[in-house]
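Dropping a structure here in structure tokens format, bear with me for questions.
One-based numbering, in listed order, for ligands and for the atoms of each.
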Amino acid sequence: MTPIPIIVDCDPGIDDTIALLTAFVSPELDILGITPVCGNQPLERTVRNALQVCELGRRTEIPVYAGCFRPMFREPIYGQFHGQTGLGNTVLPDPVKAVEKKSAVDFLIDTLIAAAALRKRITICCLGPMTNVAVALRMSPQIAEGIERIVMMGGAYREPGNRTMTAEFNVLADPHAAHVVFSSGIPIVALALDATHQVMLKPEHVAQFSSVSGRISETLAKLMAFWDRNDVRRYGSRGGPLHDPLVIAYLLAPHLFKTERARVFVEHESELCMGQTVADWYGKSGLEPNADIVIRVDAEGVIAFFLERLSRYAEKAVA
Ligand code: BDR
Ligand code: CA
């Protein structure tokens with residue numbers, strides 16, 4: 001089978017890191033590039049973290065392109081649950097690998113236009129604020145022709161927000177970018193909090209993961225343990241929601257997810273509801289749906305999927 005060509009747009013980030021580490025050991029995916037953006041941490045840090053994670057995963061051949069250092073219009077906000085460096089209390093060696101000279105936006109434009117010319121399409125995985133993709137779309141709208149679909153983590157529909165009462169972090173961090181992307185007509189699969197809150201990474205899972213993941217087990221255990229929100233009232237159990245890795249699981253094991261199509265609107269003007277994602281479940285707007293929103297996840301299946309993938313770090317080929 002020909003691998004699926006993807007670009008991973010991200011802001012590592014603990015859960016971004018788990019997503020990347022999973023993608024790295026998945027031969028069904030051809031990772032053309034990683035494009036860190038200002039998000040959980042300032043750009044300089046998300047780039048550094050991406051380089052370090054490539055080294056940890058021994059995938060240093062994957063190019064990393066630095067993205068936008070600020071959101072489109074708003075002031076930056078940063079993540080709250082990723083520690084001072086964005087990688088919890090994990091200390092990774094200084095990266096030897098260097099960031100590419102080309103910017104992420106230029107990389108997106110050049111790669112997607114070249115793909116379109118060859119009648120090929122690339123999947124964009126968005127694990128952070130969507131500034132890079134939105135700016136690329138604003139500069140060269142024809143890149144849409146080279147995009148198969150955008151599989152994004154962000155938003156909150158029937159769930160309340162996680163950064164404000166109404167907004168999820170990735171959308172709130174750049175609501176104008178999310179508005180541009182959802183207005184683009186590009187097929188979108190949306191993994192919002194409605195989906196990610198169904199998959200809690202509990203302390204017992206952390207022990208399981210660290211027992212199977214070979215040479216990355218110590219780092220993975222630290223990252224995962226740091227992710228525990230310890231908020232039983234909110235989530236119904238200890239642990240933390242496995243947000244960004246679900247994008248990779250969706251690509252590789254779509255049978256574990258159920259979606260519903262709807263038109264999505266992004267609030268980018270109101271102070272109270274800034275960054276809210278609103279789904280038109282019952283066709284009130286009269287507009288065509290623009291997204292497949294994940295409404296149900298087989299949580300046990302997804303955990304088993306990640307255990308199998310990350311156990312590949314214990315195998316000789318990647319050890
Ligand atoms: C999203 O916010 C970030 O902090 C995580 O990395 C994830 O992408 C969840 O709201
Ligand atoms: Ca993220």
Please determine whether the number of non-hydrogen atoms from other residues, nucleotides or ligands lying under 6.0 Å from atom CZ of Arg296 exceeds 12.
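Counting neighbours around CZ of Arg296, 12 or fewer heavy atoms of other residues, nucleotides or ligands fall under 6.0 Å, so no.
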Any donor-acceptor pair under 3.5 Å from Asp280 side chain to Leu287 backbone:
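Not a single qualifying donor-acceptor pair exists.
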side-chain hydrogen bond (donor to acceptor under 3.5 Å, both in side chains) with Thr131: which of Asp11, Asp174, Asp9?
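The single option meeting the side-chain hydrogen bond (donor to acceptor under 3.5 Å, both in side chains) with Thr131 is Asp174.
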Atom of Asp11 closest to the Ca ion (ligand 2), considering N, O or S atoms:
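Relative to the Ca ion (ligand 2), the closest nitrogen, oxygen or sulfur of Asp11 carries the name OD1.
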Is there a chain of hydrophobic side chains (I, L, V, M, F, W, Y, each step under 4.5 Å between heavy atoms) that links Met130 to Leu127?
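Met130 and Leu127: separate clusters.
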Compute the angle centred on the Ca ion (ligand 2) spanning O of Leu127 and OD1 of Asp16, and express it rounded to 10 degrees.
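With the Ca ion (ligand 2) as the vertex, the angle is close to 130°.
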Close residues, ligand 1: non-hydrogen atom nearer than 4.0 Å
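Ligand 1 pocket, heavy atoms under 4.0 Å: Asp15, Asp16, Asn40, His82, Leu127, Met153, Asn162, Glu168, Phe169, Asn170, His243, Asp244.
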Validation row: Val91, Lys222 side chains within 4.5 angstrom (heavy atoms):
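Val91 does not reach Lys222 side chain to side chain.
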For the pair His268 and His179, name the ring-plane relationship: parallel under 30°, tilted 30 to 60°, perpendicular over 60°.
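Correct class here is tilted.
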Scan Phe226, Phe169, Trp227 and name whichever one has a ring-ring contact (aromatic ring centres under 6.0 Å, His included) with His82.
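That would be Trp227.
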Give the atom name of whichever N/O/S atom in Asp244 sits closest to the Ca ion (ligand 2).
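It is OD2 of Asp244.
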